[in-house]
Protein chains: 2
Amino acid sequence: MIGVDWGTSSLRAYRLDAAGQVIERIATQGGILSVTDGDFAGALRGTIAPWLANGERRILLSGMIGSRQGWIEAPYLPCPAGAADIAAALVRVPFDGADALLVPGLSDSDAAGTPEVMRGEETQIIGVLANTAEATACLPGSHSKWAQVAHGRIASFRTYFSGEAFAAMRNATILGRMMNDAPNDALAFERGLARAEDPGHLLNHLFGVRSLGLFNRLGADESGSYLSGLLIGHEVRAALPRGGIVHLIGAAPLCALYARAITRAGGTPVIEDSEAAARGLHSIGASAPWR
Amino acid sequence: MIGVDWGTSSLRAYRLDAAGQVIERIATQGGILSVTDGDFAGALRGTIAPWLANGERRILLSGMIGSRQGWIEAPYLPCPAGAADIAAALVRVPFDGADALLVPGLSDSDAAGTPEVMRGEETQIIGVLANTAEATACLPGSHSKWAQVAHGRIASFRTYFSGEAFAAMRNATILGRMMNDAPNDALAFERGLARAEDPGHLLNHLFGVRSLGLFNRLGADESGSYLSGLLIGHEVRAALPRGGIVHLIGAAPLCALYARAITRAGGTPVIEDSEAAARGLHSIGASAPWR
């Protein structure tokens, strides 16, 4: 089968054998925002034409391709949900010459009734944790997801706006005007993590990025890493109150920062490999109602 | 004397009689950022020329005019500080034909040693609370200030980045892309305040602005007010843990929103009049070392 992780700004396609091993892979910047006139079928065909010519007839797609801005909206499936639940809720899209199915996103709700949503991350979590009795997964990013897995199903999850908050603070506030573009500064990142442990609200701690700069106690090459540590530290301490093992799924540099924050908060990080989506697509595809 | 509250983007000048009553006032958009070639003396002279012609010889200036970006940097004075302490730390600037003095900003430090700064707000607080034994003041804005006053002196203060965080979320994130420019929606603001009372971190609550919109439970005309309530609610609950009277100093519409949040958090808001700066300039001027 062919598995496609098709997000807003990128596309990753995998040709998988019956055991779920990746035979070939294609990665492009052709995210759903780059598709013109809604011609997702044409864009997909152009990307995976060689594999179709080789006889592949099953295509499973996850990510924002199943959103309102994508091909067809695949309605959110409420938690708890595992691979079989997701496979039963796949949405077929018209595609000549192959059977193409969309993975739905998942929804959840907190005690106050505020909704939670994910789309794409469920496939990665299934890829890593489908055979796990109890686990915590963290998928850092613009909208970081923290999920609880029970008996191989995603039981519940919460979203933290940390990544997009960082970008907004960096690009649109006085804090960013004091920052150089600089590589990660491990010591400044650690100082931000330490600050997140102090009493006081994030909204107060944010102002410290400016005041420390005014007193020459935080340099322009350091303040971006400090802000990153402050936000990640706040997120991890809120999401992981009791320690425990956390499976990190995502880009390696960001996972390394989260691993440090999790360790500091008393948890045990496990950085998972980067082909979680391919494995999740295989797991879900194994139960899919292929024609 | 002449009192001038000279900020980044505006200037307010007051001609005061010996009892501190405002005889005349001038308000312009001529903030320090609008002054070219550092000619603050020229800009000031142009603004208050009629009063100088009438014989005024004492000018006291507060606000960002005393910052690194202003006329001369007046170093921060550490808390605790009252009118007499501030008057003893005024910084003289060269100005032909009158004696011109700059009010220093104040600094403080939290238990972890992170600095706090204000510049301009100290004069407004002195204007309202110089004769008060014990009081809490809140000056809402881009960088909201919460100050404790004891025996007429500003004992300590904390800054919350709420106003600038709101603007950044509004202008530079996916949350803002779901918002119309709309007048304040009192019910949506209240829902944001209520959300701030729920368990969970602000970084999680922020994502709810998006997820509620996805499920059509928060409209494009409502989500700005909801976000405002969420941020102000978080700030007030963090800054005012034990209730009590809060003196609100600032723009009337914003003070009204904070008053609602303070009431909901168990506090008692008192909205002060809008000429706090004029009264503070008079109080400090009464102890100033005029030539």
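Naming convention: chains lettered A, B, ... in sequence-line order (proteins, then strands); numbering from 1 in each chain.
Taking OG1 from Thr114(A) and CZ from Arg195(B), the interatomic distance works out to 3.0 Å, rounded to the nearest 0.5 Å. Taking NE2 of His205(A) as the start and CZ of Arg158(B) as the end, the distance is 10.0 Å to the nearest 0.5 Å. Met169(B) contributes atom CE, which lies 4.0 Å from atom CE of Met169(A) (distance to the nearest 0.5 angstrom).
Of the listed residues (His234(B), Glu164(B), Arg217(B)), the one with the most heavy-atom contacts under 4.5 Å to chain A is Glu164(B). Between chain A and the options Ser211(B), Ala172(B), Gly208(B), heavy-atom pairs under 4.5 Å are most frequent for Ser211(B). Interface check for chain B: of the options Leu212(A), Leu206(A), Thr159(A), the most heavy-atom pairs under 4.5 Å are formed by Thr159(A).
At a 4.5 Å heavy-atom cutoff, the contact between Tyr160(B) and chain A is made by backbone and side-chain atoms alike. Heavy atoms of Ser107(B) lying under 4.5 Å from chain A belong exclusively to its side chain. When heavy atoms are compared at a cutoff of 4.5 Å, Asn171(B) does not approach chain A at all. Neither the backbone nor the side chain of Arg237(B) comes within contact range of chain A; no heavy atom of the residue lies under 4.5 Å from a heavy atom of that chain. When heavy atoms are compared at a cutoff of 4.5 Å, His143(B) approaches chain A solely by way of its side chain, counted from C-beta outward.
In summary, of the residues considered (Leu202(B), Asn204(B), Thr173(B)), a side chain to side chain contact (heavy atoms under 4.5 Å, CB included) with Phe161(A) occurs for Thr173(B) alone.
The ring pair (Phe, Tyr, Trp, His ring centres under 6.0 Å) test applied to Tyr258(B) returns no partner, not counting sequence neighbours.
Proximity to chain B at a heavy-atom threshold of 4.5 Å picks out nothing from residues 244-251 of chain A.
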